[in-house]
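What's counted below: heavy atoms across the whole structure, side chains too, no hydrogens, waters or symmetry copies.
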Amino acid sequence: MAKKPLSAWPWENLGSFKYAMHGPLAANVMYSWIYEDSYKHPWCVHILIICALRGFMHQLWNSYNNMLFLGNCRIKQQGVEFKQIDNEWDWDNFILLQGLLATMACLMFPSMDDEFPIWNTKGFITLMLLHVMVSEPLYYWMHRFFHGRYLFTHYHSLHHSSSVPHPFTAGHATFLEHLILSMVIGIPIMGSILMGSGSTSMIYGYVLGFDFMRCMGHSNVEVIHGAIFNKLPFLRYLIYTPTYHSLHHSDMGTNFCLFMPLFDAMWNTLNRNSWQLHNKITSNSGENERVPDFVFLAHIVDVMSAMHIPFVNRSFASIPFSTRMFLLPFWPVTLMILLMMWAWSKTFLHTFYNLRGRLYQTWVVPRFGFQYFLPFAADGINKKIEEAILKADRMGVKVISLAALNKNEALNGGGTLFVNKHPQLKVRVCHGNTLTAAVIVNEIPKDVKEVFLTGSTSKLGRAIALYLCRRRIRVLMLTSSTERFQKIQKEAPADTQNYLVHVTKYQAAQNCKTWIAGKWITPWEQSWAPSGTHFHQFVVPPILASRRDCTYGDLAAMRLPEDVEGLGSCEYKLERGVVHACHAGGAVHQLEGWPHHEIGPIDVDRIDLVWEAALKHGFRPVFQP
């Protein structure tokens, strides 16, 4: 269906180049700063500053809205999915539009070149009167008109397509709607200025206050406690709440106001459940919090990836992580915050999703990857992990899965330390490595007769070697320890032990085209692989792809079932909807209801069982041999 007039944004095909539209303003400011004694057009500076502050305001509300660990009064319990994030990707279009309209207004009225006073009491009074008497009723009636069949179908339905309220939803609307909203916000400002009572603080205060209220109304977190309205009942008609506006999205024939429910009350469109729902949500904060069925206990990889989280940048967190140039200026600040977290922070809730009526959460231990290799940090890290396990046990969580370094064998024996220390645990502790091994061995093509395995005496390396030798695949096990090799070889059935071959140098694999990296392989060491080699891997961090004539697999991972709900962030460098195999392994453990802990050495006999259980529940392999 063809788009209707003014429904699409004129610059929707420009991508990130849309910000260049404010380039002339920036050029004017730079020219005046370098070559002139004062700014010839001071409004250029103010427009750029206000636009930046508006973007920052929305980012702050995004952060607050996604700080799940604060235990906020959430209105809707669903998570924001990738589809909504993509639809709201260009939420800041209205900031660009209003910046351009402000530029046009300043060019049309030469008096705008004069500096306004910092404060003008008369201007604030005029502005508030114009807002209440003009902007509020104008917005109310225009909003009602946009709920008519034609305007809603072709315009306003875009805004209502967001199923979960979010501060960015405030900017998710058509070009026509934001032109009208620009008029709503512009009337009080221009009216006060034309009456000769404008001031700098009035402009900044009104624009940022307007955005603050819009973000608050579209937040999925209630920020105004019901007790305030109970003590001062008249306030409920002067200021709306996130709960109030969320009812408009669920019952679209009510609660049309801009910020003041007074106008809904005047024209009989106030939802009767507004105050009761508001009281219910704020009075039951934390009391009816749902207990997760499964928890994946992750950790921070490094400083850069620490910014790959929804409460820092929702859009960036919704795509696989990679180092981006725009992150570099924030590196020092992030480092300082993470160092403070090292000293004071506790394990916190990161993300969640729902699968067949079950709640699955990811918690994060506030520790960097490198800290796991510091001897003096081991006890502190284990204490954090132990506290998380005990908290999950008290809450009634069924399974908690340890990610990557949280189950390091040298650190806690793959979780054995905690189970032995707390034998009464009801929550099942799971390292998920059985499914990790299953993913790796099922990635290997059926016709492969020989593989080269580094990290061969590790927990995963041992299991992979023993499984493959049962399939009559020759495994070149790279290790300097003859004793550890022989110990693993003795575990294999007598008729397959000869398929395990001890090697000590990379040169031994110069004719083998299937390498499994369980230990870091340098580019020089990779050079021994023949052309056409495929590198499977379970090493953290992943090896560098230094050979153009070879192919490289990602870390062992599985795609979540198609009926997963509320998923809106990527797990490190993995694609959307894909999680690390140890994460999927814990989820399968919970879905199957297995009563045992999955800790310590991998039971090779269970690899096929766990793989079949994962496929049964809809988990799908990412790599197909």
Side-chain angles (χ1 to χ4, degrees), residues 9-60 62-63 89-120 123 127 171 175 178-179 182 185-186 188-190 192-194 196-212 303-304 307 312-313 315-316 323-337:
W9 289 85
W11 51 80
E12 67 178 14
N13 295 321
L14 293 182
S16 297
F17 291 105
K18 66 183 182 181
Y19 300 108
M21 292 188 296
H22 281 189
L25 292 176
N28 184 282
V29 171
M30 291 296 296
Y31 182 86
S32 297
W33 181 54
I34 296 173
Y35 297 107
E36 298 176 353
D37 295 333
S38 61
Y39 292 116
K40 184 177 180 181
H41 302 295
W43 48 264
C44 291
V45 180
H46 292 302
I47 289 175
L48 291 175
I49 293 174
I50 288 174
C51 287
L53 290 175
R54 297 181 80 179
F56 185 59
M57 171 80 72
H58 282 75
Q59 287 292 350
L60 287 178
N62 166 70
S63 296
W89 197 275
D90 292 311
W91 60 268
D92 57 352
N93 275 339
F94 77 97
I95 298 178
L96 296 174
L97 170 65
Q98 292 178 10
L100 294 175
L101 293 176
T103 301
M104 292 172 59
C106 291
L107 291 172
M108 291 171 60
F109 298 97
S111 60
M112 299 294 284
D113 285 334
D114 300 331
E115 283 282 2
F116 289 117
I118 299 297
W119 178 267
N120 188 318
L127 178 135
F175 183 60
H178 274 297
L179 283 175
S182 300
I185 191 175
I189 296 174
M190 291 305 299
S192 299
I193 292 174
L194 294 176
S197 53
S199 65
T200 303
S201 58
M202 179 199 75
I203 297 172
Y204 276 76
Y206 184 71
V207 173
L208 297 180
F210 196 96
D211 279 2
F212 181 92
V303 177
M304 295 299 279
M307 290 180 269
V312 173
N313 189 318
S315 300
F316 180 51
T323 301
R324 305 292 181 92
M325 292 299 295
F326 76 86
L327 295 176
L328 295 179
F330 302 102
W331 192 93
V333 178
T334 305
L335 177 62
M336 292 300 297
I337 293 173

About how many Å separate [atom2] of [Y] and [atom1] of [X], when rounded to the nearest 0.5 Å?
| X | Y | atom1 | atom2 | value |
| --- | --- | --- | --- | --- |
| Asp211 | Met57 | CG | CE | 6.5 Å |
| Asn313 | Phe326 | CG | CZ | 5.5 Å |
| Ile50 | Ile95 | CD1 | CD1 | 11.5 Å |
| Phe212 | His58 | CZ | NE2 | 11.5 Å |
| Gln98 | Leu179 | CD | CG | 9.5 Å |

Residue pair [X] / [Y], side-chain heavy-atom distance below 4.5 Å:
| X | Y | result |
| --- | --- | --- |
| Leu328 | Met304 | yes |
| Leu53 | Tyr204 | yes |
| Asn62 | Trp91 | no |
| Leu107 | Trp43 | yes |
| Phe94 | Arg54 | yes |

On a heavy-atom basis, which atom in [X] and which in [Y] lie closest, and how many Å separate them?
| X | Y | result |
| --- | --- | --- |
| Cys44 | Leu25 | SG-CD2, 3.8 Å |
| Ile47 | Cys106 | CD1-SG, 4.4 Å |
| Gly123 | Met202 | O-SD, 3.6 Å |
| Ser182 | Leu97 | OG-CD2, 4.0 Å |
| Val207 | Ile185 | CA-CD1, 4.3 Å |
| Trp119 | Ser201 | CE3-OG, 3.4 Å |

Practice item. Please identify each residue that fulfils side chain to side chain donor-acceptor pair (under 3.5 Å) with Ser315, with sequence neighbours left out. Key: none

Exercise for review: Decide side-chain contact (heavy atoms from CB on, under 4.5 Å) for Leu327 and Phe316; before the verdict, give the C-alpha distance in whole Å, the side-chain angles of both, and the deciding distance to 0.1 Å.
Suggested key: CA-CA 10 Å; Leu327 295 176; Phe316 180 51; 3.6 Å; yes

Sequence neighbours excluded and cut-off under 3.5 Å, please list the side-chain donor-acceptor pairs for residues 13-24, or say none.
unit_1: Lys18; atom_1: NZ; unit_2: Asp90; atom_2: OD1; d: 2.9
unit_1: Lys18; atom_1: NZ; unit_2: Asp92; atom_2: OD1; d: 3.0
unit_1: Lys18; atom_1: NZ; unit_2: Asn93; atom_2: OD1; d: 3.1
unit_1: Tyr19; atom_1: OH; unit_2: Asp92; atom_2: OD2; d: 2.5
unit_1: His22; atom_1: NE2; unit_2: Leu96; atom_2: O; d: 3.4

Point to revise | Distance flag, aromatic centroids of His46 and Phe116, threshold under 6.0 Å | key: no

Within 6.0 angstrom of [X] [atom1], more than 12 heavy atoms from elsewhere:
| X | atom1 | value |
| --- | --- | --- |
| Phe330 | CZ | no |
| Trp89 | CH2 | yes |
| Tyr35 | OH | no |

Exercise for review: Without swapping roles, check the side chain of Ser192 against the backbone of Leu127 for a donor-acceptor pair under 3.5 Å.
Suggested key: yes

